[in-house]
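Input: a single structure, listed below in structure tokens.
The model shown is predicted, which means the values in this text are computed figures rather than measured ones. Chain identifiers are assigned alphabetically (A, B, ...) following the order of the sequence lines, protein sequences preceding nucleic acid strands; residue numbering begins at 1 within each chain. Because only heavy atoms are used, hydrogens play no part in the values below, and waters and symmetry mates are left out as well, while side chains stay in.
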Number of protein chains: 4
Amino acid sequence: MSITASPPLEHAGIHKRERRKQARPQELLDAALTLFVEKGFAATKVEDVAALAGVSKGTLFLYFSSKEDLFKAVIRSNLADHFPVWNQEFDEFQGTTVEMLHYAMQSWWERIGNTTASGITKLVTSEASNFPDVVQFYEVEVMRPGHELFKKILQRGIDNGEFRAFDTDNAVYSLVSVIAFLSMWKHSLSPCCTSSMLDPVIFLRNHVNALMHGWLHT
Amino acid sequence: MSITASPPLEHAGIHKRERRKQARPQELLDAALTLFVEKGFAATKVEDVAALAGVSKGTLFLYFSSKEDLFKAVIRSNLADHFPVWNQEFDEFQGTTVEMLHYAMQSWWERIGNTTASGITKLVTSEASNFPDVVQFYEVEVMRPGHELFKKILQRGIDNGEFRAFDTDNAVYSLVSVIAFLSMWKHSLSPCCTSSMLDPVIFLRNHVNALMHGWLHT
Amino acid sequence: MSITASPPLEHAGIHKRERRKQARPQELLDAALTLFVEKGFAATKVEDVAALAGVSKGTLFLYFSSKEDLFKAVIRSNLADHFPVWNQEFDEFQGTTVEMLHYAMQSWWERIGNTTASGITKLVTSEASNFPDVVQFYEVEVMRPGHELFKKILQRGIDNGEFRAFDTDNAVYSLVSVIAFLSMWKHSLSPCCTSSMLDPVIFLRNHVNALMHGWLHT
Amino acid sequence: MSITASPPLEHAGIHKRERRKQARPQELLDAALTLFVEKGFAATKVEDVAALAGVSKGTLFLYFSSKEDLFKAVIRSNLADHFPVWNQEFDEFQGTTVEMLHYAMQSWWERIGNTTASGITKLVTSEASNFPDVVQFYEVEVMRPGHELFKKILQRGIDNGEFRAFDTDNAVYSLVSVIAFLSMWKHSLSPCCTSSMLDPVIFLRNHVNALMHGWLHT
DNA sequence: TATGAATGAGCCTTCATTCAT
DNA sequence: CATGAATGAAGGCTCATTCAT
């Protein structure tokens, strides 16, 4: 639940104060994620992050040495944790590759996309040029593993004869692009666009279906 | 129509200085677009915008009452000019709808995507929640007309029997999402990601091909 | 009587912990003196003082109500203990006044100058205008007794015919100034000046000799 | 008079505003010197420096990139300018070396000691360990040239037979120490010590006399 | 007593905005 | 119209001080 899997604390030795101390970093990271995603990095004041986490300005600096450090920690703590799980799910998956692709997209939406966590994508995109090293981190820890995972899925489909052979590298971007798009949509456009309804679940199903009919043997 | 190019004005009785005077606002808008896209709104200093436009800080405020006003003007001035042309091209287009879709995507890349203009998309997305009214613009001036244009194209395909009947509203997003994705890619990730090669022209062709095979009659 | 040395207490019924408790204030004063002299009052953090004394930040405030209070206590506790001894030594001194002056200067260097205690002089000087009342202490407790002691020595020399009559008040400053100078030298310049060698013992001997014999040919 | 010897500005082209701009740095340096000497570096707020110079906080940062930069500029601008003059005066001096020494000390007092500039010595001493590079600068630009100048004077006295041969290196410190002492006295002790009168001019004369003639009966 | 997590006033620094020239 | 020196509100960060444990 927290970053550092913490042993049960209910026993005698741990006081309320101490329990707060251990929870603080995550509370601050959550608050920061919310505000960074909502207003952008520069437009968010550390004081507001602290307030949202229920602490004072000074407390934040007990746990993060600077606003930028907080930014990196936010990105780090919300990424990359899912890939081990997903890679394992991929290895153990029993159904067809078609089902697998649908499952992958839908579970992304449920676990990430429909969550504040997808704001990270928007955040990294928005602030990329101001924090090149963060982008490096994002590329290595998120983009590349994600790309590889999708590529493996597509290759599985080709290998077992479901799909005809095609350029999987480019095809991955056809999947990734809607993930990026829905991240933007959720955190940027949709809150402001009263019209323009879009049901992500249906959209994802249709999108994958359309692509796959193009990839299937005729 | 590009950022730096200006149509020859020597024929009229306009002196060089006066020409500069008239060009000022546009030069400032171009400079602002460049920097806002590159660094974000908050991280861009008006002084740098002025410097890039070749004028002093004070001059900028002769034309735009505030930094926020400049931001909105940047968005406004870079929107919506293309749709009349595209709508006309659509009406006059002679080939198949498949060809038409490829043409639409490729010409978007050539005229917008591969240009500073696509930075608008990134910009609006990045700063959306701080400027809700700007998103309103964008929705009315860009997203909605774009959606309608693609929808008309898809409907044309259905009407003339090329495509089977399908949910065109959602299908449009399968096209729009890659446009959004490539805008982000060009202005955020690709400048920082040394690896992860992506050829937009090939990607767009493959993407449309895959989708259409899904949309075609089997 | 030196800063760190503490007389053996084991004989009494005082336990180790209690001994620590009684030693706390002095340990804090020693730590504060060290850091105040080294970095100045403002640049010294109370947390560092506490850490150097081996206690927590909170403990420091159990003994001193504020950083300023700590500062004043540092000055107070390091002053004035030497003059009774020196006055007695003066009264009992058997040799010539020339010998006496040399002895006074050399023993100042050994007992004070070459010790953290001379940092007090630097400290008072550096922070004087921010703590005028501290300077009052210092004047009454150190400068005035010191001046009187030197004046008595010089007067002794005049009285017993070793010296010709001269303005002893001003002459005292010729002695005091090198004491002040060596205090500064030890705690400010010499740690930073790799070149500029100065041997205080030799310098003090030469200085006193010069004052007494002069540089001219007789 | 100012740092960058400025051409006469009274002619037409220079407006009031521009004249201020050229005067600002020196005004700020003067204000900073005053406050740094009076309260120390850390205890001085840049806002107070700006206020004393008659400008706003922001203006100060137009001319100095940081408080530390201002500190270094203060030290730099008030030092080292006198040595060329003094070296020349030494070369052209006609009288005896005894007269020369008296002249050197008295003119130091008039031109530096009795001025805010002597506060620099106190300032460097107080903040030495926090700004080691400043001390390096001070040693090279001030202490060393000063030492050499005095040494040349003493050597002149030995060479022309006025003085007997003695250790000039150490003797220089007998002169330098009173310079340091009077700097401290003026800026630290004397403002707080209502008693303890000290007339620097008389003290300097007596000090030099004593060093040269000694206190003993001949 | 001792601890150290928490606080928040205060300071350095930035930068959008103004205005005298 | 254009300039750029000047402003001052705002925000990141520090650190003396408090207080629950």
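At least one side-chain nitrogen or oxygen of C/Thr59 sits closer than 4.0 Å to the OP1 or OP2 atom of E/dT3. For the pair D/Ser56 and F/dT7, the criterion of a side-chain N or O lying under 4.0 Å from OP1 or OP2 is met.
E/dT1 atom P lies 14 Å from atom CG of C/Leu28, rounded to whole Å. Distance D/Leu70 CG to E/dC11 P: 16 Å, rounded to the nearest Å. The nearest whole Å value for the distance from the CZ atom in C/Phe61 to the P atom in F/dA16 is 7 Å. In this entry the distance linking NZ of D/Lys39 with C1' of E/dG10 reads 14 Å, nearest Å. One can place CG of B/Leu35 at 12 Å from P of E/dA16, the figure rounded to the nearest angstrom.
For the pair C/Ser66 and A/Glu68, nearest-nucleotide mapping onto DNA chain F gives the more 5' position to A/Glu68. Heavy-atom distances to DNA chain E give each of B/Lys67 and C/Leu60 a nearest nucleotide, and the one nearer the 5′ end belongs to C/Leu60.
Remark: the backbone N or O of D/Lys39 is paired with a side-chain donor or acceptor of C/Asn130 at under 3.5 angstrom.
Between the side chains of B/Ser188 and A/Thr125, not a single donor N or O lies within less than 3.5 Å of an accepting N or O.
Of the candidates E/dC12, F/dT3, E/dT3, the closest approach to any side-chain atom of D/Lys57 belongs to E/dC12. Of the candidate nucleotides F/dT14, F/dT7, E/dT1, F/dT7 has the atom lying nearest to any side-chain atom of D/Leu62. Checking F/dA2, F/dT18, F/dT7 against every side-chain atom of B/Tyr63, the shortest atom distance belongs to F/dA2.
Taking the six-membered ring for Trp and thresholds of 30 and 60 degrees, B/Phe41 and B/Phe36 have ring planes inclined between 30 and 60 degrees apart.
With rounding to the nearest 0.5 angstrom, the OG1 atom of D/Thr116 is 12.0 Å from the CG atom of D/Leu123.
Put simply, the side chain of C/Leu29 reaches to within 4.5 Å of the side chain of C/Phe64, judged on heavy atoms. Residues B/Leu70 and B/Tyr63 form no side-chain contact, since every pair of their non-hydrogen atoms from C-beta on lies 4.5 Å or further apart. Counting only heavy atoms from C-beta outward, the side chains of C/Phe131 and C/Val124 never approach each other to under 4.5 Å.
Screening residues 43-56 of chain C for salt bridge (Lys or Arg N to Asp or Glu O under 4.0 Å) gives C/Glu47-C/Lys57 as the qualifying pairs, with residues at least two apart or on separate chains.
For DNA chain F, runs of at least 3 consecutive pairs of the Watson-Crick or G-U wobble type, with both hydrogen-bonding distances under 3.5 angstrom, map to E:2-21 with F:2-21.
Taken residue by residue, residues 40-47 of chain C places heavy atoms nearer than 4.0 Å to DNA chain F at C/Thr44, C/Lys45, C/Val46.
Taking the ring axis of B/Phe137 as reference, the NZ or CZ atom of B/Arg76 does not stay both within 45° of it and closer than 6.0 Å to the ring centre.
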